[in-house]
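The next block holds one structure in the form of structure tokens; read it before the comments.
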Protein chains: 4
Amino acid sequence: MNVHLYYYMTKENSEKRTAILCATLKLITENGFAATPISLIAKEAGVAAGTIYLYFNSKEAMLQVIYLEFKEALTNATIAGFSENLPGRVAIELLLQNYLNFMLKNPLKFKFFEQFTNSPYINKLTKETGLKIFYPIVQVFERAKSERLIKDIPVQILYAHVLAPINHLLRQHLIDEFQFTPENTQIAFQACWDAIKS
Amino acid sequence: MNVHLYYYMTKENSEKRTAILCATLKLITENGFAATPISLIAKEAGVAAGTIYLYFNSKEAMLQVIYLEFKEALTNATIAGFSENLPGRVAIELLLQNYLNFMLKNPLKFKFFEQFTNSPYINKLTKETGLKIFYPIVQVFERAKSERLIKDIPVQILYAHVLAPINHLLRQHLIDEFQFTPENTQIAFQACWDAIKS
Amino acid sequence: MNVHLYYYMTKENSEKRTAILCATLKLITENGFAATPISLIAKEAGVAAGTIYLYFNSKEAMLQVIYLEFKEALTNATIAGFSENLPGRVAIELLLQNYLNFMLKNPLKFKFFEQFTNSPYINKLTKETGLKIFYPIVQVFERAKSERLIKDIPVQILYAHVLAPINHLLRQHLIDEFQFTPENTQIAFQACWDAIKS
Amino acid sequence: MNVHLYYYMTKENSEKRTAILCATLKLITENGFAATPISLIAKEAGVAAGTIYLYFNSKEAMLQVIYLEFKEALTNATIAGFSENLPGRVAIELLLQNYLNFMLKNPLKFKFFEQFTNSPYINKLTKETGLKIFYPIVQVFERAKSERLIKDIPVQILYAHVLAPINHLLRQHLIDEFQFTPENTQIAFQACWDAIKS
DNA sequence: GATGAATGAGGATTCATTCAT
DNA sequence: AATGAATGAATCCTCATTCAT
């Protein structure tokens, strides 16, 4: 029997665990966390309610796990292809486009992120752990600032005018009030750039 | 005492009703809707739990009421001093500043808005009713577009680059990660303008 | 309407509270604490399950309350008619008889006491609070010792030979293996006395 | 190696079975039966949860087994060295001392015995089976009574004044409120004797 | 024989809502 | 109008037991 053919399954990475997380993601973005009973998640995931507790300590713990795993996946996707040698604007557009692509491919995760980032359900520890992952992105802005490519203004304002508009449009996209066509994307990116460029 | 000074109290605006709404606003922005029992709201408002049902049909109904009343107050505050004769940029800055001032003066209401605008707790009907109130603002953008003051791009993108950054900074302001000093406000407004101006 | 006719009912002393405590006492002495669901207690007490939580914080809290109220009632019953002037043996027999009468009249409470005094369900704090009530009884033994009426031996051994036999016989009485006839009672008391007298 | 020394292992006395029983005894005397999950017993015993069901039919069955095995071991230990020819008081003291020694050497088993003898978890059948084992001890008392060594009073009362005090002191000993020093033991035994002697 | 993942029934507790006062 | 005791449905979670490996 060839052991190499077997996919090595741990509790961290099993089919059931994945099914549970997917079901949870789907249901809580749809109905909200409190309005989604464990029994419903179990049904959707095709497991018994008790099984969920083999993989997670509590209903709330699932939230933290989803949040953290999402943050990691998002960061990895966002910095794909990024190099410090890239010219400032190219670098920023690459990051933005990566970010946007990930969110468009994972609309449920985006909805989840929007819903829970500022929610009392996500505890402080998880929030901070999550934010640490994000730090690579800060650097591009700092470098672009020192190269005088973009305005020398507080980084918070820079973020506000780059990420917030994209997130807003993503939200509208999800409720069919906006289409992320290539043309619209270019217009939006250009507006971001106009907002921050020197 | 002049009889005209007496405030005519109906169910729509009695002291108790106000106390209940305030308590609800405070508690659910703090702990979330599901984590705020009616009993706690009653305690905070200084009334009996049963009394709440004299003023509202259900716990969820309170949410809709708060949402709608908030939207109306916000709109009124935002268009204060606005006239169709104002030059485009001045008009937009006035609206923005009004909006910002209202939110800074009513941080709980801003938090509530952020938390519930995209939540499943707010039903579709309420959402649409709420959005209708916002329409006055559309006009300014449309006019500015036709006057070639700002880019001729989809209005959704305009919104995204004007309101979303301000909301983002408000959120950061509330968690003490950003200060809305006059200087920062000017920088942020300028960036909004740079993003959309022709 | 004559207010004096009304029995003043507080949460500490209401019909429902009493019914709940009685039902609990009956059911847990019969089936054990863990084998007695709250739903069953509610049914037996003729109230809704939720009502129980108006009077007690948790299932376990009921146990503590029953234990403490029992200890107090027992102590009061035991020291009834007791005075420091009574001769030693008379005093001890009075206490013993009082104790026995109370237990015979409250067999469920005796069963409860036996079952829970040394159980991990009763927390340390409750145990100690309960024991403090018992102190009056210590004094009689100390006095009798100093008067050379009874043996000058450790008080623990005195207890062992007075209370333990009576408790044992009470236990047998409850399962119909022994009858506390006046004659048997006299024999048992005499044996207690023989065990400890000088 | 001599083949006779090999211990023949059946389900009745394998290492795993013993480990399971020990773990159970330890855990349920500490936390109570209901508060001790099978999973914890399995962990403590170093076996899988499922393994326990190879040796016992149910969680409750383990209790019965422990109870019966304990009763048998206790009886054997108690009657060690006993002969019908021994003089009455010597016989009684021998039995008492044997009983006491066994309990002092097996404090967990004593705790278990105290906790479960009168518990609803031990079913009637087990109780009766268990009590039959104890009968040898009755005889000594009956003989002593007929020899007029001890009072001619109901055997239940005799038990009450001999075993109950010792059990009480054992209980106190286990919670460090009493020391079974040779001196204290002698005092206690003497009191037992004084209680029942003619 | 052993394992331990999976099950799902059962139980404590919470809380929106009602209603007698 | 106002109260708050009472309700009981709903929900999270535990854990004895089974069974495929």
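So that the names make sense, note that chain A is the first sequence line, chain B the second, and so on, each numbered from 1.
Of the listed nucleotides (F:dT3, F:dC12, F:dT7), F:dC12 has the atom at the smallest distance from the side chain of A:Lys59. The side chain of B:Pro37 has E:dA16 as its nearest neighbour among E:dA16, E:dA2, F:dT7. Checking E:dA2, E:dG11, E:dA5 against the side-chain heavy atoms of D:Leu54 singles out E:dA2 as nearest. In this structure, of F:dA6, F:dT3, E:dT3, it is E:dT3 that holds the atom nearest to the side chain of D:Thr51. Considering only the side chain of A:Ala48, E:dT7 comes nearest among E:dG11, E:dA16, E:dT7. Relative to the side chain of D:Ser58, the nucleotides F:dT7, F:dT17, F:dC13 differ in distance, and F:dT17 lies closest.
One interatomic measurement links the two molecules: CD1 of A:Ile20 to C1' of E:dA5, which rounds to 12 Å at whole-angstrom precision. Distance D:Leu40 CG to F:dT14 C1': 13 Å, rounded to the nearest Å. Between C:Tyr53 atom OH and E:dA16 atom P there is a gap of 17 Å when expressed in whole angstrom units. The interatomic distance linking C:Lys43 (NZ) with F:dA6 (P) rounds to 21 Å, in whole Å. Separating the CZ atom of D:Phe33 from the P atom of F:dC15 is a distance of 12 Å, rounded to the nearest angstrom. The nearest whole Å value for the distance from the CD1 atom in D:Ile52 to the C1' atom in E:dG4 is 12 Å. If you take CD1 of C:Ile41 and C1' of E:dT13, they are 13 Å apart, rounded to a whole angstrom. Distance B:Glu15 CD to F:dA1 P: 15 Å, rounded to the nearest Å.
Nucleotide E:dA6 forms a Watson-Crick or G-U wobble pair with F:dT17, both donor-acceptor distances falling under 3.5 Å. Base pairing annotation: E:dA12 forms a Watson-Crick or G-U wobble pair with F:dT11, both donor-acceptor distances under 3.5 Å.
Mapping A:Asn57 and B:Ala49 onto DNA chain F by nearest heavy atom places B:Ala49 closer to the 5' end of the strand. Comparing C:Gly46 and A:Ala34, the nucleotide of DNA chain F nearest to each residue sits closer to the 5' end for C:Gly46.
OP1 or OP2 of F:dA2 lies within a sub-4.0 Å distance of a side-chain N or O belonging to B:Tyr55. The side chain of D:Ser39 contributes no N or O atom lying less than 4.0 Å from OP1 or OP2 of F:dC15.
Between C:Gln64 and C:Tyr121, the shortest heavy-atom contact is NE2-O, 3.0 Å. Nearest heavy-atom pair, C:Gly32 versus C:Gln115, reported as atom, atom and distance to 0.1 Å: CA-OE1, 4.0 Å.
Within 4.0 Å of A:Ile38, counting heavy atoms only, lie sugar-phosphate atoms of the nucleic acid but no base atom.
Remark: aromatic rings of A:Phe116 and A:Tyr67 are distant, center separation not under 6.0 Å.
Look at A:Glu69 and A:Arg17 and you find a salt bridge, because one of the NZ, NE, NH1 or NH2 atoms lies within 4.0 Å of a carboxylate O, short of that distance.
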- Task: Dump the intermediate steps for side chain to side chain contact (heavy atoms under 4.5 Å, CB included) on B:Leu63 and B:Ile28, then the final yes or no.
- Result: CA-CA 9 Å; B:Leu63 222 58; B:Ile28 69 180; 3.4 Å; yes

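A cation-pi contact links A:Lys59 to A:Phe33, judged by a cut-off of 6.0 Å to the six-membered ring centre and 45° from its axis.
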